[in-house]
Amino acid sequence: MSQTNPTIVRTRFAPSPSGPLHVGGARTALFCWAYAKAHDGSFILRIEDTDQKRSSDAACQALMHDLRWLGIDWDEGPEFDGIGGGDFGPYFCSKRLDIYHKYIDQLIDEGKAYRAFETPQELDAARSDAKRQKHNYRYDRSALKLDQATIQAYLDEGRPYVVRFTLPNDEPILVRDEVRGEVTVDPKEMDDFVILKADGYPTYHFAVVIDDESMNITHIIRGQEHLNNTAKHVLLQDALGFRRPVFAHLSLIFNPDGSKMSKREKAKAARKAASAFLQSKPTEDVEAWLSHLTSFDMKIGDLVRNSQQRHLHLYQEVEHLFSPTDFRSFLDGDTDEPGIAHLIADDLGVDLPEIDVQDFRVSGFLPQVLVNYLALLGWSPGNDVEKFDHAFLIEHFDLDRIIKSHAKFDRDKLLAFNLDAIQAMSPKQFHDLWYAHCREYHPKFVEKLSPERFDMLAAANQSRSKTLDDTVKSSQFFIMADDAIEYEQTKAVRKALCNGDPSGYDHLAAIKPLLADLTDWTKDAIEPVVDKYSQEHANGKLGKVAQPLRIAVSGSTVSPAIFETLAILGREAVVNRITRCLANRQQFLDTSNA
RNA sequence: GACCCCAUCGUCUAGCCAGGUCUAGGACAUCAGGUUUUCAUCCUGAAGACAGGGGUUCAAAUCCCCUUGGGGUCACCA
């Protein structure tokens, strides 16, 4: 874009602190940030907390935490973790009420806005009437016909009112959008919209216009859901004599099935899991399960530390426990409360779809990978370039390569990118990251493994970790008690243990003393012993011996490379587990034949 | 329903604005083969798209129109 005047680029991300940061919001923030940085400008974070009922400080903190985790730092905005501040504050709408009121008064004085006294109920009724008669609802401007004496009388008696903006004329409204081109909106599609709510707070439309002007915002990059609203903003800017910033509206991100990515996804998945679980249960069991669920202590802090409930959100400040009634109405689909969805999912051991930034964090995605992927979802640098970092974005990002069509979120591709990034790390980098992830979300891993063993496990897992979390899940047997290992009743396990002559069990019995006698318990010492054994007794087929060993120590056919696995577990655990596996031989044969 | 936006492999996209070099390129996923002590990797290969119809033009994935399909907005939410 040609910048003819030397205006300094200023972009802003203006989220509402009413919930966790959604990937869609994160992408908007990323694009605002990238554009500002690419043009030597400033990126501003402003908290749009004009909805008193839904805003919370905890959500705001979580939001900023997520932004910083992604590496999206703001030049101006709320102070947080060493950044923020600035000369155009306050950066919370709720602290700018006097500014809004000044402009509201101005508009009323100039006859460009007026007070209206209808109640929300009256308006709802009028709206549903209009809907029934199949025509579009527009506010009928009856408050405009009120004479001054009546208005004064209403004000004197303290009747609540809103302020509406008077639509100026019938001229089509032209919005220039950097990604969509010129969009015209017929004012007949709008009505005298509310700019000040009865509680004295401005609506989004009003606050955003005032704030963007007073904070010198030059470029407004936001989701396409605001495209229609932009006409209102333009009208307001004209009425107030404000400058008109550059607009760029981003298309939305969807689920692979084409549905909108929203918190409802979590509720849907949790309900599905619950109904599968409840299917065959008698009524009393359902009751018992519900009361079991309500017994969780929902205090923040504990929640996040508790690995069983690691998905529960930082932002949630739940004062009271959910009641069985809450759960029931959730299961009936009357509410989509994500807290309940996570409780159910954790209890049932199912994964919920990741839709919020923090979901991706607990799932073990790397922030730079998420940023890379998100940038690619709606923007393309061209030339088949796909992998890039923050610095590349700062260098190359611009509005002209923003994609106009909607995109579906492809989790498999994200996963592939994450694996690539993990494999590209140095062993030390991976170790440190994996350690931090375990300490945060799986503290038992850090507590139960000695540092030496933890280090070995990290090294053994790096190249097979699609996320920081998936190898933690598949490595549970490393921290289990020897007698807690359960042998999977699967075809693969049976085959490895029972088939052939000698069978896997026979090999285990034969190799056990060789391992028990090993004095130097390292990968390099174990390997030749097992290799030599398989040369002599299994036609050199290492798998014939390795698989039974793997099952004996882990309970399943999946683990890191076998010699590393044995080395990490230690001789005592390995021998114990082989002994126990052999002792279970008859029982295993009986039950697996049954 | 009204208005607005969008349309290239299953998915994300390059190519489109400045029409020919496009028998449409890449990535993820899929399939086949190979490597490997399991899983995951890794290597090689294959299959796979210009939504449909009209124009404009010597020439259209590229420009225009219509249809169809998808999405968004229509709050004292943002």
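The chains referred to below are lettered A, B, ... by the order of the sequence lines, with proteins before strands, and numbering in each begins at 1.
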S.K.: Do A/R180 and B/C5 share a donor-acceptor pair, side chain to base, under 3.5 Å?
M.R.: no

S.K.: Please give the nucleotide sitting opposite B/A51 as a Watson-Crick or G-U wobble pair, both distances under 3.5 Å, or none.
M.R.: B/U67

S.K.: When you look at CD of A/Q133, are more than 12 heavy atoms from neighbouring residues, nucleotides or ligands closer to it than 6.0 Å?
M.R.: yes

S.K.: Between A/F206 (CZ) and B/A75 (P), how many Å, whole number?
M.R.: 20 Å

S.K.: Given B/A14, B/A40, B/G26, identify the nucleotide with an atom nearest to the side chain of A/R401.
M.R.: B/A14

S.K.: Quiz question: going by heavy-atom distance under 3.5 Å, is there a donor-acceptor pair between the base of B/G1 and the side chain of A/N136?
M.R.: yes

S.K.: What is the distance, to the nearest angstrom, from the NE2 atom on A/H406 to the P atom on B/G71?
M.R.: 8 Å

S.K.: Applying a 3.5 Å limit to both distances, which nucleotide forms a Watson-Crick or G-U wobble pair with B/G1?
M.R.: B/C74

S.K.: Whether the A/E118 and A/S142 side chains hold a donor-acceptor pair (N or O, under 3.5 Å, no angle test) is what I'd like checked.
M.R.: yes

S.K.: Let me know the distance between CD1 of A/I403 and C1' of B/A27, rounded to the nearest Å.
M.R.: 13 Å

S.K.: Counting neighbours of NZ on A/K387 that are heavy atoms of other residues, nucleotides or ligands and sit closer than 6.0 Å, is the number greater than 12?
M.R.: yes

S.K.: Rounded to whole Å, how long is the line connecting atom NZ of A/K53 with atom C1' of B/C76?
M.R.: 8 Å

S.K.: Can you confirm whether or not the ring centre of A/Y487 sits under 6.0 Å from the ring centre of A/Y505?
M.R.: no

